[in-house]
Amino acid sequence: MRIHHLCDMSSHPPARVRFAPSPTGYLHVGGARTALFNWLYVRRFGGQFLLRIEDTDKVRSTDESTRAIFDGLEWLGLDWDEPVVYQGANLERHRADVKQLLDAGLAYRDFTPQSVLEERRSAAQARGEIYKYKREWAEIPLHEEEQRLERGDPYVVRFRVPDEHGVTEWDDLVHKRIAFPNKDVDDFVILRSDRTPIYNFAVVSDDVAMGVTLVMRGDDHISNTPKQIMLYRALGRDLPRFAHLPMIHGLDGKKLSKRHGATAVGDYQHEGLLPQAMLNFLALLGWSPGGDREVMTLAEMVELFSPEGLQRKAAIFDPKKLEWMNGQHMSMMPLTELEPVVTRAIIAAGLATGEELVARHDWYLQLVDLLRVRARVVDDIVRQAAPYFVDQITYDPEAVAKQWKDGPATLEILGSARDALAAVTSWDATTLEAELRGLAERHGIGGGKLFQPLRVALTGLTVSPGIFDVLVMQGQDRAVARLERAIDYLNNRNNG
RNA sequence: GGCGCUAUCGUCUAGGGGACCAGGACGGGGCCCUCUCAAGGCCCAAACACGGGUUCGAAUCCCGUUAGCGCUACCA
């Protein structure tokens with residue numbers, strides 16, 4: 001038992017991990033989650049979190065995408081510990097590593113033209129057979145190879161898969177043991193005829209060079225892993241540990257893509273989501289701290305993280321829960337942390353300038369505090385905040401139709417309210433409540449019958465914080481002015 | 001087709017042979033609170049894919065079946 005315990009402790013040593021996206025689009029939520037788990041591992045157990053941009057596909061890679069990856073990671077707060085590695089800069093080492101295998105006889109040149117390979121493959125498919133590469137070039141006579149080399153015949157380099165009766169296996173941190181019979185893996189290409197390395201080779205060469213000791217990535221790479229393990233061994237290098245994370249799917253169970261809505265981390269950033277909420281939500285897609293724990297700060301996730309909680313099953317991305325999560329974080333985070341995010345949105349919406357907000361800082365913080373509990377995204381706060389900033393509110397037609405239905409009666413009650421409010425000498429919630437409830441009683445109506453029309457007059461809307469809070473936040477002058485205007489509006493309507 | 005991975009409420013998940021006629025959360029429905037909307041509280045509906053084993057006992061271990069996904073490229 002005690003030994004068991006010790007094993008558990010030592011099974012999560014510090015590690016060098018990496019996140020290795022290709023810069024061919026934006027930062028995808030799936031990628032962000034992979035980055036998060038790598039980052040969490042290192043912050044929890046020690047080590048370094050590295051970033052490698054796999055830009056070997058020069059056609060599809062763009063600087064803009066690279067920028068988007070940095071921006072997304074920075075927004076989320078997933079910082080990397082060493083300078084970014086660009087795979088494209090390592091071409092010479094990739095070639096040198098291929099050369100090493102060639103010299104050792106662990107790889108060989110294949111002079112079969114690409115077109116011939118393609119023909120064979122499609123012919124096999126047409127016959128309903130499985131195409132399998134035949135090792136026809138594995139043992140060519142030296143003189144023939146030299147001859148062709150001299151002639152400048154194009155060739156690819158293939159890895160000579162060893163021990164065809166053997167099995168390549170590893171203990172995956174999330175799947176336990178996974179094994180592949182060697183006979184099921186073809187002699188795969190490691191260097192193209194244009195002398196650029198194939199993905200599986202570049203990854204191994206780079207991971208070795210970067211000293212990566214734990215490879216944590218999507219489980220779509222499980223089938224690549226035996227190839228990579230063979231490459232490590234052929235190169236005479238120690239194996240890293242592997243952890244294969246489940247995929248993220250859309251609501252329809254299919255792989256997450258653009259048609260499922262926003263899949264870029266940047267989209268959520270611009271929609272007014274909090275990075276903490278995004279991180280929390282993503283963490284729960286494929287990981288659980290055990291028990292019923294759900295809402296967590298990043299620091300708490302670091303504390304709780306363990307590969308044991310990693311899930312094997314693909315998860316479906318549910319935007320509803322993400323929104324809920326964001327609401328939770330908005331309500332629970334320190335007001336001073338939420339404030340800058342809201343301020344940016346308020347300024348962007350043109351409701352106020354930064355100077356104005358600074359000038360009434362306490363008032364402003366109180367307003368944000370009042371609004372955040374009924375918001376799910378930052379924009380909800382902005383929308384609700386308008387009546388406290390603009391001079392002229394607009395009346396929501398539905399609110400008018402519903403709460404100001406009876407013109408004369410509304411006029412009467414709002415008139416009394418205006419008089420009462422104009423006369424109030426102590427503008428605080430307690431006084432206002434006593435005043436308005438008394439007024440309702442004198443008119444022989446329930447509070448709601450007064451508060452609802454009043455709400456429309458003050459905000460133009462049917463929903464708002466409690467009416468006394470609204471009054472306090474607007475101040476006496478503005479509140480009374482709004483009532484005057486509502487009364488004018490109703491008079492005009494009745495006459496017209 | 002071959003190989004591999006996976007399989008608990010609609011969704012995210014807890015569960016590690018007896019504490020499970022399966023717990024929490026989102027979403028849905030209802031009630032409470034209440035001046036509205038949220039938030040919050042309480043309640044309801046809702047799952048161990050199927051079939052065989054192993055075992056005194058299986059959501060949990062094993063084997064099949066089915067389904068989904070991945071790899072099977074001179075893509076990454």
Side-chain angles (χ1 to χ4, degrees), chain A residues 20-22 24 54 56-57 60-61 87 110 112-114 117-118 121 124-125 128-133 154-158 172 175 178-181 183-186 188-194 196-200 202-203 218-227 244 246-247 249 251 253-255 281 284-295 308-309 311-318 320-325 327-328 331 371-376 380 384 399 402-403 433 436-437 440 446-456 459 461-468 470:
Chain A
S22 340
T24 53
E54 306 214 323
T56 46
D57 188 338
R60 292 194 296 155
S61 298
Q87 189 164 60
D110 175 1
T112 315
Q114 190 171 356
L117 246 24
E118 277 162 11
R121 201 188 334 275
Q125 254 166 13
E129 290 169 14
I130 340 127
Y131 173 76
K132 194 151 183 352
Y133 175 75
Y155 63 89
V156 296
V157 177
R158 284 185 188 270
D172 197 275
H175 294 271
I178 299 180
F180 285 77
K183 66 172 169 51
D184 290 329
V185 2
D186 281 359
F188 54 96
V189 173
I190 56 179
L191 194 72
R192 297 184 188 92
S193 49
D194 68 357
T196 60
I198 227 68
Y199 169 77
N200 279 314
V203 165
D219 68 13
D220 48 343
H221 289 290
I222 287 179
S223 307
N224 286 325
T225 305
K227 295 177 185 173
H244 287 96
M247 300 276 91
H249 290 164
L251 247 15
K254 299 272 163 54
K255 197 176 160 178
F281 173 74
L284 258 21
L285 248 38
W287 174 72
S288 160
D292 298 334
R293 199 69 190 280
E294 291 213 300
V295 181
E308 275 74 51
Q311 185 78 14
R312 295 184 299 274
K313 181 181 67 159
I316 290 174
F317 188 92
D318 180 4
K320 282 262 179 50
K321 188 153 185 174
L322 207 209
E323 268 198 14
W324 168 80
M325 186 65 83
Q328 292 292 309
S331 296
L371 298 180
R372 67 166 164 172
V373 69
R374 62 205 86 220
R376 292 207 142 188
D380 290 339
Q384 295 182 81
K402 192 170 176 206
Q403 303 300 345
E433 174 155 15
L436 289 177
R437 287 202 191 276
K449 287 274 187 286
L450 165 61
F451 304 151
Q452 282 296 81
L454 186 54
R455 169 169 288 112
V456 179
T459 67
L461 307 169
T462 51
V463 306
S464 82
I467 201 74
F468 312 116
V470 172

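Just so we're on the same page: letters track the sequence lines, and every chain starts at 1.
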Could you give the distance separating [M] and [N] at their [atom1] atoms, to the nearest angstrom?
N      : M      : atom1 : result
B:rU6  : B:rU13 : P     : 15 Å
B:rA25 : B:rC44 : P     : 12 Å
B:rC61 : B:rA73 : C1'   : 40 Å
B:rA76 : B:rG40 : P     : 48 Å
B:rG41 : B:rC48 : P     : 29 Å
B:rC63 : B:rG18 : C1'   : 24 Å
B:rC9  : B:rC3  : P     : 29 Å
B:rA7  : B:rC32 : C1'   : 40 Å

Integer-rounded Å distance: [N] [atom2] and [X] [atom1]:
X        : N      : atom1 : atom2 : value
A:Asp184 : B:rC5  : CG    : P     : 12 Å
A:Ile467 : B:rC37 : CD1   : C1'   : 12 Å
A:Ile316 : B:rU13 : CD1   : P     : 9 Å
A:Leu454 : B:rC35 : CG    : C1'   : 10 Å
A:Glu294 : B:rG24 : CD    : C1'   : 7 Å
A:Asp172 : B:rG4  : CG    : P     : 15 Å
A:Phe468 : B:rC37 : CZ    : C1'   : 16 Å
A:Phe281 : B:rU13 : CZ    : C1'   : 12 Å

Sort out the partner of [N] for me: Watson-Crick or G-U wobble, both distances under 3.5 Å, none otherwise.
N      : result
B:rG40 : B:rC32
B:rA67 : B:rU6
B:rG57 : none
B:rU11 : B:rA25
B:rG17 : none

Between [X] and [Y], is there a donor-acceptor pair closer than 3.5 Å when you use the side chain of the first and the backbone of the second?
X        : Y        : answer
A:Arg158 : A:Ile190 : no
A:Thr196 : A:Arg192 : no
A:Asp172 : A:His244 : yes

Residues two or more places apart in sequence or in another chain: which of them pass side chain to side chain contact (heavy atoms under 4.5 Å, CB included) with [X]?
X        : result
A:Pro226 : A:Thr168, A:Trp170, A:Phe180
A:Asp292 : none
A:Ile316 : A:His249, A:Leu251
A:Pro154 : A:Ser193

Practice problem: Ignoring backbone atoms, establish whether A:Arg455 has a side-chain N or O less than 4.0 Å from OP1 or OP2 of B:rC37. | Solution: no
Practice problem: Ignoring backbone atoms, test whether A:Arg312 places a side-chain nitrogen or oxygen under 4.0 Å from the OP1 or OP2 oxygen of B:rC5. | Solution: no
Quiz item: 5'-most contact on RNA chain B: A:Val463 or A:Lys313, nearest heavy atom basis?
Solution: A:Lys313
Practice problem: Could you check A:Gly286 against A:Asp292 and say which one's nearest nucleotide on RNA chain B is further toward the 5' end? | Solution: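 Checking each residue's closest nucleotide, the 5'-ward one belongs to A:Gly286.
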Nearest-nucleotide pick for [X], side chain only, options being [options]:
X        : options                : value
A:Arg374 : B:rC3, B:rA38, B:rU8   : B:rA38
A:Gln328 : B:rA39, B:rA14, B:rC12 : B:rA39
A:His175 : B:rC5, B:rA14, B:rA38  : B:rC5
A:Val373 : B:rG23, B:rG4, B:rA39  : B:rA39

Quiz prompt | Ring centres under 6.0 angstrom apart (A:Tyr133, A:Phe188) | solution =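 A:Tyr133 vs A:Phe188: aromatic centres not under 6.0 Å.
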Sugar-phosphate, base or nothing in reach of [X], heavy atoms under 4.0 Å:
X        : result
A:Gly466 : base
A:Ala202 : nothing
A:Thr462 : base
A:Gln311 : sugar-phosphate

Quiz item: Using a cut-off of 4.0 Å between protein heavy atoms and nucleotide atoms, how would you tag nucleotides 64-76 of chain B 5' to 3' with B, S and -?
Solution: -----SBSSSBSB
Practice problem: Check side chain to side chain donor-acceptor pair (under 3.5 Å) between A:Arg121 and all other residues, then give those that pass, not counting sequence neighbours. | Solution: none
Self-check item: Sequence-distant partners of A:Asp380, salt bridge (Lys or Arg N to Asp or Glu O under 4.0 Å), two or more places apart
Solution: A:Arg383
Exercise. Apply salt bridge (Lys or Arg N to Asp or Glu O under 4.0 Å) to A:Lys227 and list each qualifying residue two or more places apart in sequence or on a separate chain.
Key: none
Would you list the protein and nucleotides 27-30 of chain B atom pairs, both N or O, that sit under 3.5 Å from each other?
residue, atom, partner, partner atom, Å
B:rG27, OP1, A:Arg376, NH1, 3.2
B:rG27, OP1, A:Arg376, NH2, 2.8

Practice problem: Could you grab the distance from atom CD of A:Gln403 to atom CZ of A:Phe451, nearest 0.5 Å is fine? | Solution: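 A:Gln403 CD to A:Phe451 CZ: 13.0 Å, rounded to 0.5 Å.
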